[in-house]
Amino acid sequence: MTYMRRPSVVHPGLPHNDLGLSARDYEGGISTLCAGCGHDSVTSALVQTLFELNIPPHRVAKLSGIGCSSKTPAYFASASHGFNSVHGRMPSVATGANSVNRDLHYIGVSGDGDSLSIGFGQLCHAIRRNVNMLYVIDNNGVYGLTKGQFSASADVGTTAKKGEVNIQPPIDACLTALTMGCTFVARSFSGDKQQLVPLLKAGLTHKGFALIDIVSPCVTFNDHLGSTKSYDFTRQHYHPTIHTDFIPPAEEITVSSEDGDTISVELHDGSRVVLKKTDEQYDPTDRNSAYAYLQKHTAAQEVVTGLLFIDEAKPDMHETHMVVEQPLIDIDFDTLCPRRSALEKIQNRFR
Amino acid sequence: MKTAVITGPKDNDFTIKVGNVNGTGSASANTLLMKVLFRMGIPVVAKNYFPSNIQGFPTWYEIRASENGYMARSGRIDVMLAMNAETYQKDLACVAPGGYLIYDSTWPRHNVLNRQDITILGVPLSQLCNDNFASSRARILMKNIAYVGVMAALLDLDMEVVRELLNQSFASKAQLLDANQLAIDLGYQYAKENFECPLPFKATAIGKTDDHIIIDGNTAAGLGCVFAGATLGAWYPITPSTSIMDAFRAFCDEYRKDPVTGLSNSCVIQAEDELSAIGMVLGASWNGARAFTSTSGPGISLMNEFLGYGYFAEIPAVLIDVQRCGPSTGMPTRVQQSDILSCAYASHGDTRHVLLFPANPAECFTMSVQAFDLAEQLQTPIIVVTDLDIGMNDWMCPDLQWDDNYQPDRGKVLGADELEKMESFHRYLDTDGDGIAYRTLPGTHAKGAYFTRGSGHNMYGAYTEDSDEYKEIVDRLLTKWETAKGFVPRPELHGTDKSGIGILSIGSCHDAVLEARDRLAEGGISLNYLRVRAFPFNSEVQEFLDAHDRIYVVEQNRDAQLRGLLLLETKVEQDKLVPVLHYDGLPLYARFITDAVRTDLSRGQAA
Ligand SMILES: Cc1ncc(C[n+]2csc(CCOP(=O)(O)OP(=O)(O)O)c2C)c(N)n1
Ligand code: SF4
Ligand SMILES: [Mg+2]
């Protein structure tokens, strides 16, 4: 067999979560990505997120498109169903899946090629519908899987490994998301797990579409001088604007608000995100100011990170489509089928 | 060989064509005329030829009364109601010798526009309406109703039935009822006073429409999806499929919505395009719901990649393709059966899809239900291939039937209890030897988890690039294809003649073929007829091909797609299959077939 399963060695000393599961129970198959690929760090952050949120693995649905990034759902939560769809079309699959079973936790993993080029339309429309899901973009500025062509997130003037210069202006996932009405917009860096995990937790708990654009360097094709998506460049220009803490429902808020203002937003299940601003001008609950701030600082080549915007109040897809609370797949057939007597009544209109 | 008699109109056997400008509200008048005939017990079918435009273009409506119940286009026009000055010349030309043309004589016609072999009757419809109605809108609308009055006199329609229909339509709008009744009377009186009524052919009540309804295929298909228990309809608007989702939504609103909360047990999503629509259907079906999409040719083209995914990853899906005239945008409001091949082999790689071919609205209802069962039994996309003629025209059909004992066949799905007892689960193991593996639904049990992918996978569901493992999967899909042959609806055989000549056809050709067969039999030519109802073709199709020396393959496309599919998928010899191809965008009619068959047979005799 050509696929690899992780050996199931149990370490007795591993910590367990409320479900009695260890972090190992949230792992997946062994990654086949290049050693050092940023995507693997995102994967491990997702493992930690699910473990710490006490989510039963089988209540998670993992979905992706095509690309190195889109392979990663195979590398976490092997006890969850996965749907590795076609290139750029994961948002529609997630929308359909979610429409009939709103009780699962949906995690979409995509790439900058998958989301900002071929799948741009689907991404925008999933945002517009406010599909309740966590949507992660592993953003490396290139098409990793097809060997390093520029993606739509590559900055003008970026050089490819072999020297070619990118001439087409980039599409910024977060600016796009803000414009499309996204209710949770964040940016992070695969190299900063401290920041990433609380963001993933908040995004997964948020009711609505949570987009997290994660700079996730491609060590093989885009980690050189001249790239703005390399580890070095990202570290040098890293600008955590909003520090995010995720507080589960039962816990007390203990975060101090020494530097800058602190904002606390309650999520629908009673948990909270506590946002600590490093910049006083910033208001992560005001879409326009978030947009203006992001645009200004991106132009100055800063990688603005943190939970940039949140709106917990906007109705999600189920609410706008006026669908019952119960997952549609759980409604029994006899309730769905109008039966013969109804058919007779209907037919009388056609006589 | 006897030559067939081309019969003229008779009582209860005639065709009326109405030429209008679209956007002038003629639809209700035309439907009224058709319904009167139906309520008088006369089998009737209507064909609507409308433009791909919202207002101001010519539109025609053909009503065929057929005592024998032939539902195809008649191919001859006995009465032309020429209400559109722009198409007058064309409308005049289409009337069969001995027929009638009625026009609005408020404005006199030019002399040139005349014919000696038909009777032309002028009715000052505009004048009558201008004299009797105040608003300009009413004048336009009532002109249409007034010509129904004219036809009522000329065809001796039952005025009680006319009144009854008006009463029903305007039950809560007394003012409108009065106006419509007046318009009917105006036309009726004028005809009675000025023409010899009735015409030599008329309508007489015959009671042949009991236990029948008048319905279009799209409404029937939408209704079928409701009865089948579909909970997601995802779509992108396209003529001529749109009214399927309209119907689905309307019936869901009626039967699945909580009147208090306004919340529904189902979801209709208007997608951003067809790629997304089919993606949603696959996502929902993967999650265990019954989900469907409806589209037409251009949408099929866009859905290709996902259809291949559904085939290879083995996900149920139901797609209703209402075929229209291609290629490209083609003629969106005209009919063809030109998606047969693109549906059968949709997507790159070795893919084959199960297709169902309804022949009328009643079958749209039954086959849409069947499609959901097949999709879940076979874990693959099922395409119901219908067309504009079936989908958008009003057909007379026997009452739709529903068995309250019906329970959906969910196929091989393992539940939590079964998974709990299992050592381990592997998605693509053919444990039963029928090519169909067991699947699990997300959220059921940790043991049931697997990774659905369109990339190479082995029978355990894991990624592979190993040749043998890959072949194992695609070969098993062939086993499943063989299994499908036993699951899909069987073809319908008509006749057990020993002549060795056959007709094979599909979908909306059916009624024209039945009629052609009757006409040919009158001329001494007997043909057996096989109507294919599904792809893959099963053994009965092969047997029919084997049992005949010459087979006319009747279909509505230029490239003989059904014939091509038979050549690819059966062991038939090429020369046996004679293509009979109708592809001008209008529905097929019997004489087209009888002419083709006669010509071919006489050519054979001469040789
Ligand atoms: C329809 C289609 N076109 C092209 C491809 C080839 N392809 C595979 S992955 C990919 C780009 C992936 O880029 P990205 O989403 O950024 O993922 P990364 O590999 O960088 O993580 C392309 C173009 C494909 N699989 N399908
Ligand atoms: S090619 Fe790039 S993106 Fe793909 S696995 Fe290697 S490092 Fe990661
Ligand atoms: Mg990329």
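By convention in this document, chain letters (A, B, ...) are assigned in the order of the sequence lines, proteins followed by strands, and residues within each chain are numbered from 1.
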Using the rule given for salt bridge (charged side-chain N to carboxylate O under 4.0 Å, His left out), can you reason through A/Lys345 versus B/Glu254, listing the C-alpha separation, both sets of side-chain angles and the distance that settles it, and then say yes or no? CA-CA 12 Å; A/Lys345 259 189 13 219; B/Glu254 197 175 340; over 6 Å; no
Would you indicate whether the side-chain heavy atoms of B/Arg256 and A/Leu336 approach each other to under 4.5 Å? yes
Could you give the distance from CG (A/Asn98) to CG (B/Leu232), rounded to the nearest 0.5 Å? 11.0 Å
Can you confirm whether B/Cys267 sits close enough to A/Val100 that some side-chain heavy atom of one is under 4.5 Å from a side-chain heavy atom of the other? no
If you count heavy-atom pairs within less than 4.5 Å of chain B, which of A/Pro327, A/Ser99, A/Gly96 leads? A/Gly96
Are the side chains of B/Gln407 and A/Asp334 in contact, using a 4.5 Å heavy-atom criterion? yes
For the candidates A/Gly121, A/Ala342, A/Ala77, which exhibits the highest count of non-hydrogen atom pairs separated by less than 4.5 Å from chain B? A/Ala342
Measuring only between side-chain heavy atoms, which start at C-beta, is B/Asp394 closer than 4.5 Å to A/Phe350? no
Relative to each other, are the rings of A/His81 and B/Tyr450 parallel, tilted or perpendicular (30° and 60° limits)? perpendicular
Would the distance check show the side chain of A/Asn101 and the main-chain N or O of B/Asn287 forming a donor-acceptor pair, the cut-off being under 3.5 Å? no
Under a 4.5 Å cut-off applied to non-hydrogen side-chain atoms, are A/Phe333 and B/Tyr406 in contact? yes
Test side chain to side chain donor-acceptor pair (under 3.5 Å) applied to B/Glu272 and A/Arg128, A/Gln122, A/Arg129, the passing residue: A/Arg129
Side chain, backbone, both or neither of B/Val226 within contact of chain A (heavy atoms, under 4.5 Å): both
Quick check: does any side chain N or O of A/Arg59 sit under 3.5 Å from a backbone N or O of B/Gly443, one acting as donor and the other as acceptor? yes
So which of B/Ala271, B/Ala234, B/Ala228, B/Gly283 has the largest heavy-atom pair count under 4.5 angstrom toward chain A? B/Gly283
Determine whether A/Asn84 and B/Thr452 make a side-chain contact, defined as any pair of heavy atoms from C-beta on separated by less than 4.5 Å. no
A/Gln347 side chain vs B/Leu400 backbone, donor-acceptor pair below 3.5 Å: yes
For B/Ala289, is it the side chain, the backbone, both, or neither that has a heavy atom closer than 4.5 Å to a heavy atom of chain A? both
Most contact-rich option vs chain A, by heavy-atom pairs under 4.5 angstrom, among B/Leu165, B/Leu275, B/Thr219, is B/Leu275
Taking every non-hydrogen pair under 4.5 Å, which of A/Ser341, A/Ala61, A/Pro57, A/Ser80 racks up the most with chain B? A/Ser80
Heavy-atom distances under 4.5 Å only: say whether B/Phe365 touches chain A with side chain, backbone, both or neither. side chain
Sub-4.5 Å side-chain heavy-atom contact between B/Asp258 and A/Val324: no
Mind checking the OH-CD1 spacing from B/Tyr255 to A/Ile346? Nearest 0.5 Å is all I need. 4.0 Å
Under 4.5 Å from any heavy atom of chain A, what part of B/Arg453 do you find: side chain, backbone, both or neither? both
Around B/Tyr236, counting heavy atoms of other residues, nucleotides and ligands shown, do more than 12 lie under 6.0 Å from its OH? no
Shortest non-hydrogen contact between B/Phe451 and A/Gly82, atoms and distance: CD1-CA, 3.6 Å
At a heavy-atom separation under 4.5 Å, does B/Ile278 approach chain A through its side chain, its backbone, both, or neither? neither
Proximal component of B/Gln168, with respect to chain A [non-hydrogen, under 4.5 Å]: neither
If contact means a heavy atom pair closer than 4.5 Å, which residues of residues 86-95 of chain A contact chain B? A/Val86, A/His87, A/Arg89, A/Ser92, A/Val93, A/Thr95
Quick one: are A/Phe83 and B/Tyr309 in side-chain contact, heavy atoms under 4.5 Å? yes
Under 4.5 Å from any heavy atom of chain B - which part of A/Ile331: side chain
When rounded to the nearest 0.5 angstrom, what distance separates OG in A/Ser85 from CG in B/Leu282? 9.5 Å
Rounded to the nearest 0.5 Å, how far does OG of B/Ser285 lie from CD1 of A/Ile329? 11.5 Å
If you count heavy-atom pairs under 4.5 Å with chain A, which of B/Asp468, B/Asp404, B/Thr231 comes out on top? B/Asp404
Heavy atoms of A/Ser78 and B/Ala449 approach each other most closely as O-CB, 3.5 Å
From A/His321 atom NE2 to B/Ile269 atom CD1, the distance as rounded to the nearest 0.5 Å: 5.0 Å
Let me know if B/Ser455 has heavy atoms under 4.5 Å from chain A in its side chain, its backbone, both or neither. side chain
Result for side chain to side chain donor-acceptor pair (under 3.5 Å) between A/Arg351 and one of B/Asp399, B/Asp211, B/Asp210 points to B/Asp399
Chain A contact via B/Ala277 - which portion, at a heavy-atom distance below 4.5 Å: neither
Atom pair CG/NE2 of B/Leu263 and A/His318 - distance to nearest 0.5 Å: 12.0 Å
Could you have a look at B/Cys252, B/Ala313, B/Ser276 and say which one has the most heavy-atom pairs with chain A under 4.5 angstrom? B/Ser276
